[in-house]
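Quick notes on the structure that follows.
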Number of protein chains: 2
Amino acid sequence: MALSEFELIRTYFQRAGLMADPARHPGVVLGIGDDCALLSVAETHHVALSLDLLVSGVHFPPDADAALLAQRALAVNLSDLAAMGATPLGFTLGLALPSFDAHWLEQFSTGLSQSAQHYQCPLLGGDTTRGPLTIAIQVQGAVPRGLALRRDAARVGDNVYVSGSLGRAGLALSVLDGTLTQASEAQRRELLAAYYQPQPQLVLGQALLGIARAAQDVSDGLLADAGHIAGQSQVRMQLDVAAIPVAPVLKSLCSEQQALELALTAGDDYELVFTAAADQHLAVMAAAARNNVSATQIGTVVAGSGVVVLDASGATMQFAKAGYSHF
Amino acid sequence: MALSEFELIRTYFQRAGLMADPARHPGVVLGIGDDCALLSVAETHHVALSLDLLVSGVHFPPDADAALLAQRALAVNLSDLAAMGATPLGFTLGLALPSFDAHWLEQFSTGLSQSAQHYQCPLLGGDTTRGPLTIAIQVQGAVPRGLALRRDAARVGDNVYVSGSLGRAGLALSVLDGTLTQASEAQRRELLAAYYQPQPQLVLGQALLGIARAAQDVSDGLLADAGHIAGQSQVRMQLDVAAIPVAPVLKSLCSEQQALELALTAGDDYELVFTAAADQHLAVMAAAARNNVSATQIGTVVAGSGVVVLDASGATMQFAKAGYSHF
């Protein structure tokens, strides 16, 4: 590919809606086009950063719709900001492409532009190169000093909550691999939207600042992600199986056991699992309701380690799969 | 690869020297292990960010020494901070690996750790995954508000300077592909060190704050990179061929013309090309000398566009290759 084509790629990303606009993004001092981007962050805030790498054939099929792929890649990273309670400032993009594909680039940058506008998270800069299709995205955000929702902040006696409902993105994989044949067109659309267009819980994360203690987004599966909080906070999470908010669409497409397993162990839902002191229960409910998000208390934090799910009789349940493995 | 191996990979990167140490890195509030890393930046400074993607077989040979590769990857990104005059705060790493290779990971993380300590730039977090060998690194730095060395800041009448000498990394490619056979062992070592272990001019960049106007690191070749300043500043750069600091080692290994072409058009030297008002000439020289770096005036900024190299008679010289093409 000639230098002119490399320059051309840049033009796909230097478009209105994707680049920072001084009026809408006052924190962006300098965006695309210099050695570095420059951000302005108030002394009252910390900068929050999260980098993800998405590889074709590992995280998405090679023929995935480029616009949906772009939106998913950005949403997944914004979910990490949501889990800290941070507000997006902008993102950087590293893109390796096997060849110059004008149609793919047009779709990808259009999808990215829509999400960048929706989440007020403009493109700050990055790198494009030849190589196996790989997408590196880093999001930058700002969070009030001392209030970030950290994994190590859960305390014995806290309640455990999860936002929204779980399992749809996990079941979408069965749509994608063709093994789920009994779903209606509307059900397929709902499942695929959950997978390709997850909604990072940014507004909820921000609303929980000063109310919740620890938080984490559900990317690897509820049990695995709750386990990260338990591990880093050195506590045990005791979850009540009857309280797990299984996505309603799963109930008509799976056995009760399958639906529960998906809700507990499938990744990619990008809801928030979080803890709050018991006396903050009404504040949690109000913060969620004010932002049109559901929050469900699913258990409590006790002394010990790990995550257990208890059945109606109080016995510990066993699950085959603990969560998504990255390798 | 099982989850335990994924966890194991993390242990390679959670080692002393690579992770942030509160005593040495007070700007790092939260490092590896949460949804986001958190940085604290003074209100007097802006945050500078730069992301690079390095792909096996494109940017480095698949069998490249993992320790040198790690050091080069970090140095190349730090060079972008240097070009803005920023001080490193820390970096994030996205690493795709085809398989779990304990030896490679040990070498890579050891090399990275050495550079992280040398440049006071700890690992803040990131992502590891299966995939074709790809390294995404983003550096974060801080630069005093309003003083960053931007590409768009050159003015007619400025002097143009370059640090150090040029062409060694370009000639190293001929060592790597086996076409340069007449070099001595010491010369081979010098050339390969220039390629694998470039020294980002961080101290010089910081010393030039308030003295220089525009700056850029020489990654694509002097003519191409000076061209970025010229383009964004809407000026013309007029360089004097006799002033170009060709690396001495090139003179015994190449014809004069080859050496000049490498110095002007080969990339990867990671020196700084910068401009400063003519009345800052002594300040530039003093800033460089104080930090044991050479700085050479190579031309002036005039009205117009583009970059031209003039010979002794004042005639414009032509070069076959304008700089590194990314595709």
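Remember, it's a predicted structure, so these values are computed and weren't measured experimentally. All values below were derived from every heavy atom in this structure, side-chain atoms included, with hydrogens, water molecules and symmetry-related copies excluded. Proteins get letters first, then strands, A, B, ... in listed order; numbering begins at 1 in each.
No donor-acceptor pair closer than 3.5 Å links the side chain of Asp80(B) to the backbone N or O of Cys36(A).
Only the side chain of Leu30(A) comes within contact range of chain B, with at least one heavy atom under 4.5 Å from a heavy atom of that chain. Residue Ile229(A) does not touch chain B at all, counting heavy-atom pairs closer than 4.5 Å. Residue contact with chain A, scored on non-hydrogen atoms closer than 4.5 Å, involves the side chain of Leu124(B) exclusively. Neither the backbone nor the side chain of Ala86(B) comes within less than 4.5 Å of any heavy atom in chain A. Heavy-atom distances place the side chain of Ala148(A), and not its backbone, under 4.5 Å from chain B. Only the side chain of Val143(A) has a heavy atom closer than 4.5 Å to any heavy atom of chain B. Neither the backbone nor the side chain of Ala82(A) comes within contact range of chain B; no heavy atoms are under 4.5 Å apart.
For the options Gln216(B), His45(B), Arg145(B), Gln138(B), heavy-atom pairs under 4.5 Å to chain A are most numerous at Gln138(B). When the candidates Gly33(B), Gly125(B), Gly57(B), Ser50(B) are compared by the number of heavy-atom contacts under 4.5 Å with chain A, Gly33(B) comes out ahead. Of all the listed residues (Ser79(B), Ser40(B), Ala96(B), Ala136(B)), the one sharing the greatest number of non-hydrogen pairs under 4.5 Å with chain A is Ser40(B).
Annotation: Gln14(A), atom CD; neighbour count of heavy atoms from other residues, nucleotides and ligands within 6.0 Å is above 12.
Counting only heavy atoms from C-beta outward, the side chains of Leu38(A) and Met84(B) approach each other to under 4.5 Å.
The minimum heavy-atom distance between Ala42(A) and Glu43(B), with the atom names listed, is CA-OE2, 3.8 Å. Val58(A) and Arg130(B) make their closest contact through CG2-O, 3.4 Å (heavy atoms, listed as atom of the first residue, atom of the second, distance). Gly94(A) and Leu51(B) make their closest contact through N-CD2, 3.2 Å (heavy atoms, listed as atom of the first residue, atom of the second, distance). Closest approach of Val55(A) and Pro132(B) over heavy atoms only: CG1-CD, 3.6 Å. Between Asp34(B) and Asp152(A) the shortest heavy-atom distance is OD2-N, 4.5 Å.
Each of Leu89(A), Leu39(A), Leu49(A) was checked for a side-chain contact (heavy atoms from CB on, under 4.5 Å) with Val47(B), and the lone residue meeting it is Leu39(A). Among His228(B), Arg151(B), Arg150(B), the single residue meeting the side-chain hydrogen bond (donor to acceptor under 3.5 Å, both in side chains) criterion with Asp35(A) is Arg151(B).
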Residue pair Val41(A), Val41(B): steps toward the side-chain contact (heavy atoms from CB on, under 4.5 Å) verdict: CA-CA 7 Å; Val41(A) 178; Val41(B) 179; 5.7 Å; no
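Between Asp52(B) atom CG and Asp127(A) atom CG the span is 4.5 Å, to the nearest 0.5 Å.
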